[in-house]
A.B. asks: 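Would you mind keeping the following structure in view while I ask a few things?
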Amino acid sequence: MPHSPNDGAEPKQDNSAGPDASGADLLAAAGYSQTTNTEFYSPIPDGYQKGRHRYLVVLGTVMSGLGKGIFSSSMAKLIKDKGLTVAPIKLEGYLNIDSGTLNPFRHGEVFVLDDGTECDMDLGTYERMLDQDLSKRNFMTAGQVYRDILERERHGGYLGRDVQMIPHVTGEVKRKLRELAMHGDGTKPADIVFVEVGGTVGDYENGFYIEALRELAFEEGPGTVCFVALTYIIEPQALGEQKSKAAQLGVRRVLETGIQPHILACRAQSRITPVVQQKLAMFSNVPLNRVFSMHDRSSIYSIPEDMRQEGLDREILSVLDLHGKVDMAHEDRAREIWTRFVRKLTAPRARHIRLGLTGKYAALRDAYASIEKCVEHCSTHLETNIEIQWIESTDITEDNAPSRLADLDAVIVPGGFGARGVEGKISCVRFCRENLVPYLGICLGFQVAVIEFARNVMGLASANSTEFEPGGPDVVISELPDQKRIEQLGGTMRLGGQDVAVKPGTLAHHLFGGRDLVRQRFRHRYEVEPDYIERIEQAGLMFSGRHPDHPIMQVLELPCTDPTGRGVEHPFFIAAQFHPELTGRPIRPQPLFMGLLAAAIQRKYPDAELPPRWLRQAEGVS
Ligand code: GLN
């Protein structure tokens, strides 16, 4: 008999599902379908196979900023290397629907996924570590959860019931997690979903996530969800010893939520002592061999191997009973490639170059996290130290540019919004173009390269972008036609992956490995004004990448052979309307960054032996 929420009857629990049955089995045995409006509303997606997927949950205690994302992505990589399919997700406690409106000063860079999702920069860490493209399924905010529930409520989706934190909000979280498990990496369902809960245990805003995960573990049954509590061991200078009390209290907070962690991962400055390890084990019910030291390392890329050596992956596979799924040959191959990269990353280097990064958030380096990562990958592959000099674009003027930028071997002008600092960026471009300093412009850095060229080469002295001077006489950068149409409706940007048709015979074509079509990620509202394209090209700036069907310019370069006959040979002057830094991966470094840095190395060390793949002198490049 269906159970009505108001009749006061207790659900019948006849245990016919067996002694080890999980909550869902008991509910099914008690006659509850997943869609009835019982107290135990827990929607299960169609086709979901219970027991098919496992979940690894990373919870933070004591303080934020412990590197939950780094822990979770490193572990996911180790597991993926073993031939299993992984799907990471970050659960954000804030009410924003996405990260699009967040200020980089407060939250670091806005990362953009191929499907256009604007998300936390941690998703960049996952993509780089796993070399796997993610989508909106891998990113959840409290705002999204509430929005979906409220929309369903407005459409009568709750059949007259009051909509509650439990079971509806927690149910929604579980549903999304299970959907992600089924989706997996897009090609295969996930063996393990890696769930990173934002914030720390005890925060108000992530409480419903933690409750949802507790329920998930109950419903999925023993051995399906592994909880890792990441904690912090304090080592006050004045005492000179490690203190574990804050960590103990933090883990106790986890226990209060009804969750027994299976693994403790202890962040610390130096390796945690056996005494600390014993105390934590004792007070958290976690066996000693599952309390791990996760002390500081010089590079995040060495963490997966360090975890492996400590045996963390083995313990997790034991908790989740997955040893039988490991493909050892796959693991050996993946490890060899990674180890080679890490060895090169940490090897001493004889060459040293200086790269200037001219942005308006230069004071906050997280705002350019992906650029920094791309540079790190390239410096490894090119075996050269690359020192980044952060330059506030507001400090640069036409007059001081030559002295301020004199000792740079290459310059990047990154993306940005708003007029502040733009004139400084234009001065930087001019300096690089005229002094043959290798230049890479990214998004806004592409647009200012066009403005600079129009002003100083084409003689359009007041050339500008409508973003900075609406209604100006020579708007060489203007709003995208689509944006012009939707602006009144709230407007948004051109976001996510798009195809770029690359012109054969150009430097861009050479760097992209001779491919005529590449996919890149965008986040912009303005573009080269189509009316000026022909004039700009006639004056000697080439658009080597375009949208395949529309007149949207996506890559520009100064060709080696200048069609105006002035014969200037710039070693490297390229800019992209897209964000190349979002798709650079450690093992597959980003081609435009490689080209820029190889050109800079060659300029400083003419005898350096560099892979021709990244150099302009290759045959067929005009
Ligand atoms: N502000 C420019 C635009 O909206 C550039 C954006 C960016 O650099 N991401 O088109």
Side-chain angles (χ1 to χ4, degrees), residues 52-60 66-93 111 113 117 119-141 173-174 176-199 201 206 209-210 212-214 216-217 220 223-230 254 259 261-265 267 290 292 294 300-301 303-304 307-308 312-322 325-326 331 334 338:
R52 164 71 184 82
H53 316 279
R54 305 283 192 274
Y55 299 82
L56 182 127
V57 178
V58 181
L59 301 167
L66 290 180
K68 289 190 295 284
I70 291 170
F71 178 93
S72 182
S73 56
S74 302
M75 184 48 70
K77 176 183 167 41
L78 267 186
I79 300 291
K80 181 176 176 168
D81 284 354
K82 295 174 195 293
L84 282 82
T85 305
V86 299
I89 183 166
K90 169 117 197 233
L91 309 183
E92 292 282 10
F111 199 81
L113 303 177
T117 301
C119 57
D120 185 271
M121 53 191 264
D122 268 347
L123 278 268
T125 309
Y126 284 108
E127 284 205 333
R128 283 186 289 267
M129 271 289 186
L130 298 175
D131 197 7
Q132 182 171 318
D133 281 350
L134 304 178
S135 72
K136 61 175 188 296
R137 287 188 171 82
N138 305 95
F139 181 63
M140 197 191 296
T141 71
V173 174
K174 288 182 283 181
K176 285 180 191 285
L177 292 175
R178 287 177 168 131
E179 278 170 0
L180 173 62
M182 290 169 74
H183 176 79
D185 65 358
T187 62
K188 275 188 273 156
D191 293 308
I192 308 188
V193 174
F194 284 78
V195 187
E196 174 192 348
V197 183
V201 178
N206 61 17
Y209 285 135
I210 295 170
L213 291 161
R214 186 198 64 73
L216 181 81
E220 293 286 317
T224 51
V225 182
C226 174
F227 288 100
V228 177
L230 205 60
V254 179
I259 288 172
H262 301 91
I263 307 256
L264 291 193
R267 293 280 297 112
R290 290 188 175 164
F292 290 92
M294 294 292 307
I300 66 162
Y301 295 124
I303 294 176
M307 285 175 155
R308 205 188 70 86
L312 236 170
D313 52 343
R314 260 199 326 273
E315 291 306 319
I316 285 172
L317 290 177
S318 299
V319 172
L320 297 175
D321 191 18
L322 281 177
K325 278 212 158 183
V326 172
E331 181 174 25
W338 193 255

A.B. asks: Quick one, Cys119 with Leu113, criterion side chain to side chain contact (heavy atoms under 4.5 Å, CB included). Give me CA distance, side-chain angles, the key distance, then yes/no.
C.D. replies: CA-CA 8 Å; Cys119 57; Leu113 303 177; 3.8 Å; yes
A.B. asks: Of all heavy-atom pairs between Leu177 and Met140, which one has the smallest distance, and what is that distance?
C.D. replies: CD2-CE, 4.4 Å
A.B. asks: When you compare the side chain of Ile89 with that of Lys176, does any pair of heavy atoms fall below 4.5 Å?
C.D. replies: no
A.B. asks: Check whether any side-chain heavy atom of Pro261 sits under 4.5 Å from a side-chain heavy atom of Leu59, and report yes or no.
C.D. replies: no
A.B. asks: Should the pair Tyr301 and Trp338 be assigned to parallel (<30°), tilted (30 to 60°) or perpendicular (>60°) ring geometry?
C.D. replies: perpendicular
A.B. asks: Working to the nearest 0.5 Å, report the span between CG of Leu56 and CD1 of Ile263.
C.D. replies: 8.0 Å
A.B. asks: Between Ala87 and Ala190, what is the shortest heavy-atom contact and its length?
C.D. replies: CB-CB, 4.0 Å
A.B. asks: Per the side-chain hydrogen bond (donor to acceptor under 3.5 Å, both in side chains) rule, which among Glu220, His53, His183 passes with Arg178?
C.D. replies: Glu220
A.B. asks: Please give me the minimum heavy-atom distance between Leu130 and Ala76, naming the atom from each residue.
C.D. replies: CD2-C, 3.6 Å
A.B. asks: Measure from the side-chain N and O atoms of Asn206 to the backbone N and O of Gly93, and report whether any donor-acceptor pair falls under 3.5 Å.
C.D. replies: no
A.B. asks: Taking atom NZ of Lys82 and atom CG of Asp191, what is their separation to the nearest 0.5 Å?
C.D. replies: 13.0 Å
A.B. asks: Do Ser72 side-chain atoms and Gly69 backbone N/O form a donor-acceptor pair below 3.5 Å?
C.D. replies: no
A.B. asks: Would a 4.5 Å heavy-atom cut-off, applied to side chains only, mark Lys325 and Leu317 as touching?
C.D. replies: no
A.B. asks: So does Glu92 get a backbone contact from the side chain of Tyr209, meaning a donor-acceptor N/O pair under 3.5 Å?
C.D. replies: yes
A.B. asks: Which distance, rounded to the nearest 0.5 Å, do you find between the CE of Met75 and the CD1 of Ile70?
C.D. replies: 14.0 Å
A.B. asks: Indicate yes or no: at least one non-hydrogen side-chain atom of Ile303 is less than 4.5 angstrom from one of Lys77.
C.D. replies: no
A.B. asks: Compare every heavy atom of Ile300 with every heavy atom of Met129, then report the nearest pair and how far apart it is.
C.D. replies: CE-O, 3.5 Å
A.B. asks: Do Ile210 and Val201 have side chains that approach each other closer than 4.5 Å (heavy atoms only, starting at C-beta)?
C.D. replies: yes
A.B. asks: Strictly by salt bridge (Lys or Arg N to Asp or Glu O under 4.0 Å), give each pair with a member in residues 179-189 just once, sequence neighbours left out.
C.D. replies: Arg175-Glu179
A.B. asks: If you measure from NZ on Lys90 to CG on Leu134, what distance do you get to the nearest 0.5 Å?
C.D. replies: 13.0 Å
A.B. asks: For a 4.5 angstrom cut-off between non-hydrogen side-chain atoms, does Phe227 reach Leu213?
C.D. replies: yes
A.B. asks: In terms of side-chain geometry, is the basic nitrogen of Lys68 or Glu196 positioned less than 4.0 Å from the acidic oxygen of its partner?
C.D. replies: no
A.B. asks: Could you tell me whether the side chain of Leu66 reaches within less than 4.5 Å of the side chain of Met294, counting heavy atoms only?
C.D. replies: no
A.B. asks: Provide the closest heavy-atom pair for Ser135 versus Thr117 in the form atom of the first, atom of the second, distance.
C.D. replies: C-OG1, 4.3 Å
A.B. asks: Let me confirm one number: the CE-CD1 distance from Met307 to Ile79, rounded to the nearest 0.5 Å.
C.D. replies: 10.0 Å
A.B. asks: Identify the two heavy atoms, one from Pro88 and one from Asn138, that lie closest to each other, and give their separation to 0.1 Å.
C.D. replies: O-ND2, 2.7 Å
A.B. asks: Say you draw a straight line from CZ of Phe292 to CZ of Phe71; how long is it, rounded to the nearest 0.5 Å?
C.D. replies: 8.5 Å
A.B. asks: Determine whether Val86 and Gln132 make a side-chain contact, defined as any pair of heavy atoms from C-beta on separated by less than 4.5 Å.
C.D. replies: yes
